[in-house]
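First the structure, in the form of structure tokens, and then the observations on it.
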Amino acid sequence: MRNQANSKKTRRGVLAGVLAAGVAGSVLVGGIVSNTAPVLAEPVKVEAPVENFGFADVVEKVSPAVVSVRVTQDIAPAADRRSELATPFDNLPEDHPLRRFFDVPGGPGGPGGPGVNPRREPRNAMGQGSGFFISDDGYVVTNNHVVEGGSKYTVVMDDGTEFDAKLIGTDPRTDLALLKIDDADRTFTYVEFDSDDAVRVGEWVVAVGNPFGLGGSVTAGIVSARGRDIGAGPYDDFLQIDAAVNRGNSGGPAFNLNGEVIGVNTAIFSPSGGNVGIAFAIPASVAKDVIQSLRDNGNVQRGWLGVQIGPVTEDIAEAVGLADDKGAIVTLPDTETPASKAGIQTGDVITAVNGETVEGPRELSRKVANFRPGTDVEITVWRSGEAQDIPVTLGNLASLDEAASADNQGAPRPSVDPSSLSGYGLTLTPSEDGDGVVVTDVDPDSTAADRGVQPGDVIIAVNGKEVTSQKEVRDAISEASEAGRKAALFQLRNGDQNRFVALPIAKS
């Protein structure tokens with residue numbers, strides 16, 4: 001009996017040991033301890049706010065500062081656009097019975113002598129947008145495209161009161177404009193710009209404006225993205241929001257929950273013309289500086305470097321020996337510009353301004369524009385396999401006329417017998433004027449065709465070395481190959497356009 005009792009105790013001890021091992025997540029297998037429960041990281045958890053939430057308090061405070069902007073545009077008399085508006089009835093004989101339907105009293109068909117077709121009278125068109133006060137003495141921010149072409153500006157308050165306003169200045173490059181109401185007896189409710197640097201994707205945003213001319217309307221949403229480039233200009237850095245924004249909201253403010261302006265609504269993405277939840281606002285950090293410059297000077301003073309630039313692709317970085325595909329490659333330095341006077345050349349890759357890294361062309365444009373004209377800056381360029389610092393005194397972008405559209409016509413094909421550059425799918429011939437080598441044919445299945453090389457392009461240089469013959473092209477490629485490069489950088493010109501294309505080194 002004692003032995004049986006001991007045996008039972010032994011079994012209970014072993015069972016307890018096994019259970020204990022199971023609780024610890026381990027079992028004994030062939031004498032080896034093995035952990036069977038995986039160790040997992042804690043899942044993301046966020047404590048939801050418990051306070052009552054709503055936008056009413058914000059809207060109540062900011063609405064008096066948001067206005068509608070009505071713009072009157074003068075349209076030239078139709079007589080100045082006769083060919084545009086002409087109809088078969090304009091040629092009716094003076095005594096034709098239908099003439100009276102197209103002439104006003106006093107016209108040729110009625111009493112009183114010479115008259116004018118009503119369609120040829122000067123007339124006005126009306127545009128509408130939104131805006132907001134930034135000072136108690138009547139300065140109003142809106143979009144440039146709202147006031148563009150206007151001859152008269154009317155600001156309509158939240159309570160329906162109307163004021164005439166004058167245009168202080170515009171900045172088409174950022175699509176901002178500044179109006180001013182002169183009324184010494186009135187103090188206006190105004191709002192302030194916040195720094196958008198701390199704005200995070202997912203934060204609430206409230207848009208107030210004048211959609212479809214309906215007057216003060218409010219929508220809410222979140223910040224969907226930052227730093228959007230929508231192709232509107234060289235300084236694109238938009239906030240993307242999903243608050244409903246429609247026609248007429250342009251120039252209106254986007255508020256945070258503190259009632260501070262974090263952006264100026266300026267554009268929507270819409271296949272149908274209506275709201276689809278994708279709107280773009282000019283960040284407060286950009287708007288604040290531009291509006292202050294308009295207020296002080298009536299225009300915006302920006303630094304000007306004077307180069308045409310393109311992105312640095314991975315192939316271009318490999319071709320010029322850069323470790324990273326960052327920076328902006330100079331495709332053409334304009335003549336008599338700060339850059340050309342300082343010695344910046346076509347083919348240079350600008351990698352930094354005053355020691356701050358340049359990620360790409362858009363960032364370079366913004367960095368340079370942030371300086372005042374006349375500022376001395378240090379431009380770091382990558383040239384011939386090494387970095388160089390070049391001091392440049394910036395010019396004034398505001399003094400320039402808008403660049404004319406480029407002529408995209410290709411160079412004429414020469415009559416000289418061409419010969420091919422095998423391995424690249426290119427057929428080349430020397431240029432008739434001795435400046436470069438003309439591409440006369442491109443194999444459609446070649447890498448060159450994939451990279452956009454086309455007949456009529458003129459190869460000006462390869463890896464920074466000017467070429468005037470097929471042999472010089474070959475020699476430049478061979479030097480790149482001997483230097484261990486995997487690609488050769490071709491500088492191409494077509495009409496007035498310069499660009500760079502990196503082609504993999506191939507056996508020719």
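For the single chain, residues carry numbers from 1 onward in sequence order.
Residues passing the side chain to side chain contact (heavy atoms under 4.5 Å, CB included) test with K288 are F193, sequence neighbours excluded.
Within the 6.0 Å centre-distance limit, the rings of F163 and F188 are counted as a close aromatic pair.
The OG atom of S285 sits 8.0 Å away from the CG atom of L239 when rounded to the nearest 0.5 Å. Atoms OG1 and CG, on T331 and L492 in that order, are 11.5 Å from each other to the nearest 0.5 Å.
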Review point. Does the side chain to side chain contact (heavy atoms under 4.5 Å, CB included) test come out yes or no for S365 and I309, once each step is laid out?
Key: CA-CA 9 Å; S365 297; I309 51 179; 4.1 Å; yes

Practice item. Under the side chain to side chain contact (heavy atoms under 4.5 Å, CB included) rule, what do K166 and Y153 come out as? Steps first, then yes or no, please. Key: CA-CA 7 Å; K166 64 180 180 181; Y153 312 96; 6.0 Å; no

Exercise for review: Mind running salt bridge (charged side-chain N to carboxylate O under 4.0 Å, His left out) on R362 and D237 for me, showing each step along the way?
Suggested key: CA-CA 9 Å; R362 186 179 62 166; D237 188 24; 5.3 Å; no

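Between the side chains of T313 and D315, no donor-acceptor pair is found at a separation under 3.5 Å. Under 3.5 Å, the side chains of D194 and N256 contain a donor-acceptor pair of N or O atoms.
Between I291 and L176, the closest heavy-atom pair is CD1-CB, 4.3 Å. Heavy atoms only, all atoms of each residue included: I316 and A502 are closest at N-CB, 3.6 Å. Taking every heavy atom of both residues into account, N144 and D171 meet most closely at CB-O, 4.3 Å.
Within 6.0 Å of CD in E162 there are more than 12 heavy atoms belonging to other residues, nucleotides or ligands.
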